[in-house]
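One structure is given here, and the rest of the page talks about it.
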Amino acid sequence: MPMKTKTVFICNECGFQTQKWMGKCPGCNNWNTLIETLATEPQSNSGSVLKKTRAVNVKRLNDVNYDREERYSTGIDELNRVLGGGLVRGSLILVGGDPGIGKSTLLLQICENLGKTRKILYISGEESEKQIKLRAERLGVVEAELYLLSENDVERIIDVINELKPEVVIIDSIQTMHIESITSASGSVPQVREATNAFMRIAKQDNISMFIVGHVTKDGALAGPRVLEHMVDCVLYFEGDRQMSFRILRAVKNRFGSTNEIGVFQMTDKGLEEVENPSGLLLEGRCVNSSGNSIVCTIEGSRGVLAEVQALVTPTGFGNPRRMCDGVDFNRMILMIAVLEKRCRLNLCNHDIYINVAGGLKIDETAIDLGICAAIISGYIDSMIPSDMVFMGEVGLGGELRGISQLEKRLSEVKKLGFNTAVVPKMSMRNVKIPDGLKVIGISALWELLKMLRNNTEQ
Ligand SMILES: Nc1ncnc2c1ncn2[C@@H]1O[C@H](COP(=O)(O)OP(=O)(O)OP(=O)(O)O)[C@@H](O)[C@H]1O
Ligand SMILES: [Mg+2]
């Protein structure tokens, strides 16, 4: 079939395609992201391309057979949990994260266990075999059936996969992969899309489980078009503060499991270590003798996690009061401040308020509303909250306390971590089994919290 070549402009951020150059992408409103690329298109006259038919293989649902043994453990429980109970054979997993966060480390570490029984091919477009070997030695991955390849030509990689027939393939990273027949540079949208397509075809055809590392842009999204996320079976983000050793692996898409699970790791010189008790790590070194600190309990996936919310409330020096937050939603914080002003008559309009969740955790659950309010009240009236008290509950605009889910699970985490008192919405307490020795205070409005914290100062 005669081929016609022409150029198109494709947005590097969102994949938007246009015939002419524009400064601003109409798809995502970013500037200077449209890049010229050669497009090849089959020429068709009167739609004749559709007329060719092939025999297709349609199956009834009942006739589709599958193996029960489709999942296997990666040897890292936290990763298994995020994947929904283990690695699914033939699945494509995209692992995104900031530079240096530990993506290559995590993927090399899973080789240790998987490599005992399975053949693994680790392809790096960024590091030489020597560098990978050095890291593998540091991480203690020595006896795995692991094959290394430092290469970025996709066609050659596919030849190697066909020849070696590995069960697991790791590609580090997709942005360094290159297809010769596409003229644009590595990392551009057409390259990333086509390379992923090629890897996906071979993974599905040969039932290979494939991990693909993806770089993220400065906004935190995976570099490359969003179609990349649609193509793969599972998208994991590896996040955390680079200065701190704490790392969180989060699933944002999973075709074989829940996306609510998180895996918690700690970076050490021996690589990533699993953290079985994240609450303990988050609360380590917490400030027990200053005002403005409250402990909240949030649900991450299937477990409760305790975290510390800190509020700094200081008189405004000049002009409008400042509001800043890290780890909680900004709008939610503004809402809580407004509710406290109106329903508890706190004069916060001439105070700067800064909120922070210690440990770099990001919480987007409304059940921490009560903890945010408690921290602000404590900071404002300058009184310490008892160090063994935990807050949980959603606050409505009328200052009323709304019910929260999974109270039993939260209370058992509170008890496990050695706290003695939990302040919860009264309406959630019905039919809830309270752990022995835990004092649970049910409140139904925000002013009750204010009264409780004020009384506490007077004692
Ligand atoms: N010798 C070492 N001792 C302790 N920690 C180390 C050592 N070498 C590397 N690290 C840790 O490993 C991190 C780098 O991990 P890794 O290379 O897996 O990150 P990455 O996400 O793959 O980065 P990139 O995006 O650059 O490929 C460093 O930030 C550092 O914390
Ligand atoms: Mg890397």
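From a predicted model like this one, the values you see are computed outputs, not experimental measurements. Atoms within a ligand are numbered from 1 in the order they appear, just like the ligands themselves. Values reported hereafter were calculated over all heavy atoms of this structure, with side chains retained and with hydrogens, waters and symmetry mates removed.
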Do any N or O atoms from the side chain of Lys253 and from the backbone of Glu229 form a donor-acceptor pair under 3.5 angstrom?
yes
Quick one: which ligand 1 atoms are inside 4.0 Å of a heavy atom on [X]?
{"X": "Thr105", "answer": "15 (O), 16 (P), 18 (O)"}
{"X": "Asp269", "answer": "3 (N), 4 (C)"}
{"X": "Glu126", "answer": "27 (O)"}

For Phe199, the option from Val232, Val169, Ile157 that meets side-chain contact (heavy atoms from CB on, under 4.5 Å):
Ile157
Member of Leu106, Leu83, Val82, Asn113 meeting the side-chain contact (heavy atoms from CB on, under 4.5 Å) criterion with Thr74:
Leu83
Non-hydrogen atom of Pro99 closer than 4.0 Å to ligand 1:
yes
Does NZ or CZ of Arg118 fall inside the cone over Tyr72's six-membered ring, less than 6.0 Å from its centre and within 45° of the axis?
yes
Hey, does Ile355 have a side-chain heavy atom less than 4.5 Å from the side chain of Gln310?
no
Can you find a pair of side-chain heavy atoms, one from Thr316 and one from Arg322, that are under 4.5 Å apart?
no
Atom NZ of Lys270: over 12 foreign heavy atoms under 6.0 Å:
no
Can you list the protein N, O or S atoms less than 2.8 Å from the Mg ion (ligand 2)?
Ser104 OG
Which one holds for Met267 and ligand 1: side chain close, backbone close, both close, or neither close, with close meaning a heavy atom under 4.0 Å?
side chain
Any side-chain hydrogen bond (donor to acceptor under 3.5 Å, both in side chains) involving residues 360-375? Give me the pairs, sequence neighbours left out, ordered by first then second residue.
Thr298-Glu365, Arg332-Asp369, Glu365-Arg410, Thr366-Glu394
Working for side chain to side chain contact (heavy atoms under 4.5 Å, CB included), residues Arg135 and Leu108
CA-CA 8 Å; Arg135 177 182 295 134; Leu108 201 52; 3.7 Å; yes
On a heavy-atom basis, I'd like to know which of Arg138, Gln109, Arg135 is closest to atom 9 (C) of ligand 1.
Arg138
Pairs of nitrogen or oxygen atoms closer than 3.5 Å, one from Ser104 and one from ligand 1: do any exist?
yes
